[in-house]
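Reviewing the structure listed below.
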Amino acid sequence: MQYLLMIYEDESVYGDRVDSPELHDITAKHMALAGSLGETLKAGAGLQAVTTATSVRTTGGTQAIHDGPFAETREQLGGFYLVDVPDLDAAIAIAKKIPLRFDGAIEIRPLINSQGQ
């Protein structure tokens with residue numbers, strides 16, 4: 001059985017720079033942990049800042065695209081898809097196909113170091 005271990009924390013503790021000492025320190029700790037897990041680790045990556053998020057919100061059967069992670073606090077993360085697509089438009093097209101029982105949002109976030117970023 002595989003599990004996704006999602007790390008939730010205040011991203012502001014790392015400062016505004018991608019090269020901050022705090023980010024380098026935690027990255028080194030994550031790399032050490034990843035090395036110690038061996039074949040137990042199937043995949044892992046950091047996400048770019050929440051400001052890079054795009055959401056497809058469905059309300060009353062109508063879909064709208066928003067910049068940002070517009071999930072409301074009453075919504076919880078219930079799963080994920082990891083896709084490799086050429087651009088954000090292709091990711092949005094897939095997000096629109098993800099079934100929801102009622103209203104909800106699909107947050108789209110690029111991975112750190114995705115396509116040279």
Side-chain angles (χ1 to χ4, degrees):
M1 181 174 263
Q2 295 182 345
Y3 293 89
L4 176 65
L5 306 177
M6 300 207 53
I7 301 166
Y8 288 93
E9 61 185 339
D10 180 359
E11 66 186 28
S12 70
V13 300
Y14 297 108
D16 294 333
R17 300 185 341 249
V18 176
D19 62 345
S20 72
E22 298 84 2
L23 187 56
H24 283 289
D25 181 54
I26 197 69
T27 299
K29 290 176 181 177
H30 280 285
M31 296 303 287
L33 174 61
S36 74
L37 294 175
E39 291 186 24
T40 301
L41 182 64
K42 301 302 178 190
L47 295 173
Q48 291 186 17
V50 71
T51 57
T52 66
T54 302
S55 296
V56 176
R57 173 156 299 281
T58 302
T59 305
T62 302
Q63 293 182 320
I65 300 167
H66 301 279
D67 292 334
F70 289 88
E72 297 178 17
T73 56
R74 64 180 160 72
E75 298 171 335
Q76 292 79 39
L77 179 64
F80 82 101
Y81 289 83
L82 178 60
V83 297
D84 185 4
V85 294
D87 55 25
L88 180 59
D89 290 336
I92 290 170
I94 293 169
K96 287 181 173 183
K97 295 177 184 177
I98 296 173
L100 299 171
R101 185 161 182 230
F102 297 113
D103 295 342
I106 308 300
E107 181 178 340
I108 303 164
R109 303 232 338 239
L111 298 180
I112 292 175
N113 295 324
S114 180
Q115 297 185 0
Q117 294 183 358

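Any value given below was found using the heavy atoms of this structure, including those in side chains, with hydrogens, waters and symmetry copies removed. All residue numbers refer to positions in the sequence shown, counting from 1.
- Residues Ala90 and Val85 approach most closely at CB-CB, 3.7 Å, considering heavy atoms.
- Contact detail for Thr52 and Pro110: the closest heavy-atom pair is OG1-CD, 3.5 Å.
- A donor-acceptor pair is defined here as one N or O able to donate and one able to accept, closer than 3.5 Å; no such pair exists between the side chain of Arg57 and the backbone of Ile65.
- Residues Glu107 and Ser55 come closest through the heavy atom pair CA-OG, 4.0 Å.
- Closest heavy-atom contact between Leu111 and Gln48: O-NE2, 3.1 Å.
- Taking CD1 of Ile108 as the reference point, atom CG of Asp67 lies at 10.5 Å (rounded to 0.5 Å).
- Here Ile92 contributes atom CD1 and Ile106 contributes atom CD1; the two are 12.5 Å apart, rounded to the nearest 0.5 Å.
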